[in-house]
Amino acid sequence: MVRRQSAPRLTLEAAAIYEYPEHLRPFLSALPAVPGVYLFHSESDTLPLYIGKSVNIRSRVLSHLRTTDEAAMLRQSKRISWICTAGEIGALLLEARLIKEQQPLFNKRLRRNRQLCALQLTDQTVQVVYARDIDFSHAPNLFGLFANRRAALQTLQSIADEQQLCYGLLGLEPLSRGRACFRSALKRCAGACCGKESPQAHHSRLLEALERVRVICWPWNNAIALQETRAEMTQYHIINNWFWLGAVATLDEATSLARMPAGFDHDGYKILCRPVLSGKYDIIELNPESIPASS
């Protein structure tokens, strides 16, 4: 007979493994209470164990040191480093870039996704399209950003169920011309497949549901500089096609960044879309040939 361990006992065993990382104390006094990115390093000088961000580096790092679930990472850590930013946007963008570039052992999110796709509505049809094939920063009528085709089709199916749309007309299942689909007989399809509903009404309800996840096209002709400031620091985030090209301290330094090629970036879009369009930040459109001088 196999005896199952109780949850309290497992918790006690995990806590017994955890020991406060005294060897990291020399790094704690210098931790700044400002926004930025922090890195836990092993003995390797090139590959960090973990990369994180916070609006308060000191507070967040100290919380890691008291987390029993991170005992394995803390035991392997030999030092802590950090990079300060002007605010949370800069911290989010830098964290995403460093994780993609350095692939830390204990980070499981923000990895590179080579299957990034979306739903694209063309005339009366919807199809799955891939970022490797078209420019998501300018392509019209894109909806949702998905890790793979399966996730995109699952979302489309959920919308169809919610709106009583026809699986056949959406390409989710075969449909015989002039015959009602199986879901129509179950009252789960409003009947666009057999004339009970017009194709226009079907399309209109599909579009209305998709609008909630529309991908916003890049609204400028060139790169922009988004200004982020705190008391001791100002950064200009240079962005093009929802891709973060980097941050500079003055607009005079923006020339080389603004001229760099920039393809659509999923994480950049998620981080930047709302603040860029919110009107809360000073934004300057950059002409690569004549970057305005900072005051």
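Every heavy atom of this structure was used, including side-chain atoms; hydrogens, water molecules and symmetry mates were not.
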Closest non-hydrogen atoms of I57 and P32, given as atom of the first, atom of the second and distance, are CB-O, 3.4 Å
Backbone of Y20 reached by a side-chain donor or acceptor of R66 within 3.5 Å = no
So F40 and H64, would you call those rings parallel, tilted or perpendicular, with 30° and 60° as cut-offs?
-> perpendicular
Please report the closest heavy-atom contact between I89 and I271, naming both atoms and the distance.
-> O-CG2, 4.5 Å
Heavy atoms, side chains only, cut-off 4.5 Å: are V61 and L24 in contact?
-> no
Does the side chain of Y130 pick up a donor-acceptor pair with the side chain of N148 at under 3.5 Å?
-> no
Any salt bridge (charged side-chain N to carboxylate O under 4.0 Å, His left out) pairs touching residues 126-146, not counting sequence neighbours?
-> none
Would you find a donor on one side and an acceptor on the other, under 3.5 Å apart, between the side chain of Q164 and the backbone of G191?
-> no
Using modelled atom types only, decide if a donor and an acceptor are shared between the side chain of S204 and the backbone of A201 within a distance under 3.5 Å.
-> no
One should read off an interatomic distance between H23 NE2 and K78 NZ, to the nearest 0.5 angstrom, of 5.5 Å
Considering residues, nucleotides and ligands other than R214, do more than 12 of their heavy atoms fall under 6.0 Å from its CZ?
-> yes
For F182, the rest of its hydrophobic cluster, which grows through side-chain links under 4.5 angstrom = L186
Is a side-chain donor or acceptor of S63 paired with a backbone partner of R60 at a separation under 3.5 angstrom?
-> yes
Between F143 and L121, is any pair of side-chain heavy atoms under 4.5 Å apart?
-> yes
Can you find a pair of side-chain heavy atoms, one from L169 and one from L175, that are under 4.5 Å apart?
-> yes
Identify the two heavy atoms, one from A160 and one from R183, that lie closest to each other, and give their separation to 0.1 Å.
-> O-NH2, 3.9 Å
Under 3.5 Å side-chain donor-acceptor pair for Q227 and T229 | yes
Would you mind reporting whether L145 and F136 have side-chain heavy atoms less than 4.5 Å apart?
-> yes
Give the minimum heavy-atom separation between Q102 and L47, together with the two atoms involved.
-> O-CD2, 3.9 Å
Are the side chain of W242 and the backbone of I216 linked by a donor-acceptor contact shorter than 3.5 Å?
-> yes
With a 4.5 Å limit on heavy-atom distance, are the side chains of L286 and I224 in contact?
-> no
Do other residues, nucleotides or ligands put more than 12 heavy atoms under 6.0 Å from E43 CD?
-> no
Hey, does H202 have a side-chain heavy atom less than 4.5 Å from the side chain of L165?
-> yes
Salt bridge (charged side-chain N to carboxylate O under 4.0 Å, His left out) pairs touching residues 230-250, sequence neighbours excluded, are R230-E232
